Protein chains: 2
Amino acid sequence: MNMKAFSTLAGLSSYTLRYYEKVGLLNNIQRNSSGHRVYTAKDLEWINFVKRLKDTGMTLTKIQQYAQLRSLGPGTVLDRQQLLECHKDQLQAHIELQKNHLLALENKISLYKANKVS
Amino acid sequence: MNMKAFSTLAGLSSYTLRYYEKVGLLNNIQRNSSGHRVYTAKDLEWINFVKRLKDTGMTLTKIQQYAQLRSLGPGTVLDRQQLLECHKDQLQAHIELQKNHLLALENKISLYKANKVS
DNA sequence: AGTTGACTTAGAGTTAACTCTAACTTGTAA
DNA sequence: TTACAAGTTAGAGTTAACTCTAAGTCAACT
């Protein structure tokens, strides 16, 4: 898969994909005879997971740490599992906080509806 | 209330508070005879709401729009209500998305636990 | 053979949201 | 009264995460 196709499937610009490679989020991307990147289905699977981590507020630096453990091979599975579990806990806390914010917001809106705000 | 006290209660640095004033998030802050800012309990109430909006992902530009409507007086209550309702909908969508991400993450972790990741 | 479009790199520019510096003034305590 | 903590301003610097530019290569059409 070339840059154009991968960019479309990943939903990320070619700029961003090259940047992600530069900062170590995408490792060992193949090249063809003329030096152009060649992406695989595995790469797509990986970038989708990267996007998910990013969407849940993980910084690129943290994702890079996970990516690095991953490229170090099977000896790092426990570290990776722990990293994900830690992130899961943070995500759970984030969701609870946002739910709380939602309640407060609904409360504020009901004040507007009751003409109690000016 | 002086800068130091307000900064502590608001949980924001004096730099940030001056910055928020500069970008129009804090309007009509009183000054004492020597030109120092004097904050009120109302200001604290307001900054707490600003923080909540920010924590739920609203940009400072958007919050500034709300702040501006607010300082235009009671004629803008409907606009403000609509702005908040729109943000509420976005927040609800955000929470649902994050819940989804959480499920996917838990799934991934269970693969690690079942030794199905290397 | 020439043009087009996709690709490459290194490195510069952008945006949001702070965060700090420099130079100065003012209020309080010893 | 002298130190020092806290305040002021304008404006520069920082960080994350892109986003773009310039200058060039390369493969596929016309």
Side-chain angles (χ1 to χ4, degrees), chain A residues 1-40 43-44 46-68 83 87 90 94 101, chain B residues 1-40 43-44 46-68 83 87 90 94 101:
Chain A
M1 198 179 335
N2 65 6
M3 175 57 91
K4 188 82 180 292
F6 190 68
S7 168
T8 304
L9 288 178
L12 295 171
S13 75
S14 54
Y15 299 140
T16 303
L17 288 170
R18 273 181 234 111
Y19 171 70
Y20 277 10
E21 211 174 315
K22 186 155 64 182
V23 299
L25 265 63
L26 281 166
N27 297 316
N28 312 314
I29 299 300
Q30 304 285 112
R31 298 293 179 123
N32 67 14
S33 55
S34 51
H36 291 195
R37 288 168 183 82
V38 176
Y39 296 97
T40 66
D43 294 328
L44 188 58
W46 168 244
I47 204 73
N48 279 331
F49 188 59
V50 166
K51 283 172 69 183
R52 196 186 288 282
L53 291 178
K54 191 179 130 39
D55 281 359
T56 52
M58 194 182 278
T59 63
L60 296 194
T61 305
K62 200 83 190 170
I63 302 173
Q64 191 275 325
Q65 283 168 26
Y66 181 83
Q68 193 176 333
L83 195 152
H87 185 58
Q90 284 174 235
H94 170 79
H101 284 323
Chain B
M1 198 178 338
N2 65 7
M3 175 56 91
K4 187 83 181 292
F6 190 68
S7 168
T8 304
L9 289 178
L12 294 171
S13 73
S14 55
Y15 299 139
T16 303
L17 288 170
R18 273 180 233 112
Y19 170 71
Y20 277 10
E21 209 175 318
K22 185 155 64 182
V23 299
L25 263 63
L26 281 166
N27 296 316
N28 311 315
I29 300 299
Q30 304 285 112
R31 299 290 180 124
N32 67 14
S33 55
S34 51
H36 292 194
R37 286 167 182 82
V38 176
Y39 295 97
T40 67
D43 293 328
L44 187 59
W46 168 242
I47 204 73
N48 280 330
F49 188 58
V50 166
K51 283 173 68 185
R52 195 187 288 283
L53 291 178
K54 192 178 129 40
D55 282 358
T56 52
M58 194 183 277
T59 63
L60 297 193
T61 306
K62 201 82 190 173
I63 301 174
Q64 190 277 327
Q65 282 169 26
Y66 181 83
Q68 193 176 335
L83 195 152
H87 185 58
Q90 284 173 234
H94 170 78
H101 284 321

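Order of the sequence lines sets the chain letters (A, B, ...), proteins ahead of strands, with each chain counted from 1. Below, each value reflects all heavy atoms present in this structure, side chains not excepted, and no hydrogens, waters or symmetry copies. It should be emphasised that the depicted structure is a prediction, and the values quoted were computed from it without experimental measurement.
In this model, the phosphate group of C:dT21 is not approached by any side-chain N or O of B:R18 to a distance below 4.0 Å at OP1 or OP2. For the pair B:R31 and D:dT9, the criterion of a side-chain N or O lying under 4.0 Å from OP1 or OP2 is met. For the pair A:Y19 and D:dA16, the criterion of a side-chain N or O lying under 4.0 Å from OP1 or OP2 is not met. Side-chain nitrogen and oxygen atoms of A:N2 include at least one within less than 4.0 Å of the OP1 or OP2 phosphate oxygen of C:dC7. Taking side-chain N and O atoms only, B:R37 has no distance below 4.0 Å to OP1 or OP2 of D:dG7. Between A:Y20 and D:dC18 there is a side-chain polar atom (N or O) within less than 4.0 angstrom of OP1 or OP2. The side chain of A:T16 places no N or O atom within less than 4.0 Å of a non-bridging phosphate oxygen (OP1 or OP2) of D:dA17.
Here C:dA17 presents its C1' atom at 12 Å from CG of B:L12, a figure rounded to the nearest Å. One interatomic measurement links the two molecules: OH of B:Y15 to C1' of D:dG7, which rounds to 12 Å at whole-angstrom precision. Protein atom CG of B:N32 is 9 Å distant from nucleotide atom C1' of D:dG7, rounded to whole Å. Between the CD atom of B:E21 and the P atom of D:dG7 there is a distance of 13 Å, rounded to whole Å. We find that CD1 of A:I29 is positioned 17 Å from C1' of C:dT9, with the value rounded to whole Å. For the pair A:L53 CG and D:dA17 P, the computed distance is 13 Å after rounding to whole Å. When rounded to the nearest whole Å, the span between CG of B:L25 and C1' of C:dC18 equals 13 Å. The separation between A:K51 atom NZ and D:dC18 atom P is 11 Å, rounded to whole Å.
Looking only at distances, no side-chain donor or acceptor of A:K54 sits under 3.5 Å from a matching main-chain atom of A:I63. For A:D55 (side chain) and A:R52 (main-chain N/O), no donor-acceptor pair under 3.5 Å exists by modelled atom type.
The shortest side-chain heavy-atom distance between A:F6 and A:I29 does not fall under the 4.5 Å cut-off. Side-chain contact between B:Y39 and B:I47 is absent, with no heavy-atom pair separated by less than 4.5 Å. Residues A:R37 and A:E21 form a side-chain contact, since some pair of their non-hydrogen atoms from C-beta on lies under 4.5 Å apart.
When each of C:dA17, C:dG27, D:dG7 is scored by its nearest atom to the side-chain atoms of B:H36, the top-ranked nucleotide is D:dG7. Of the candidates D:dT8, C:dA6, D:dT19, C:dA6 carries the atom nearest the A:K4 side chain, counting heavy atoms from C-beta on. Looking at the side chain of A:T59, the nearest of the listed nucleotides D:dA17, D:dT8, C:dT26 is D:dA17. Nearest nucleotide to the side chain of A:K22, out of C:dC7, C:dT19, C:dG11: C:dG11. Taking only side-chain atoms of B:K54, from C-beta outward, the nucleotide of C:dC18, D:dC26, D:dC20 with the closest atom is C:dC18.
Ring pair A:H94/B:H94: centre-to-centre distance below 6.0 Å.
Where B:S33 and B:T61 meet DNA chain C, the nucleotide closest to each residue was compared, and B:T61 sits on the side nearer the 5' end.
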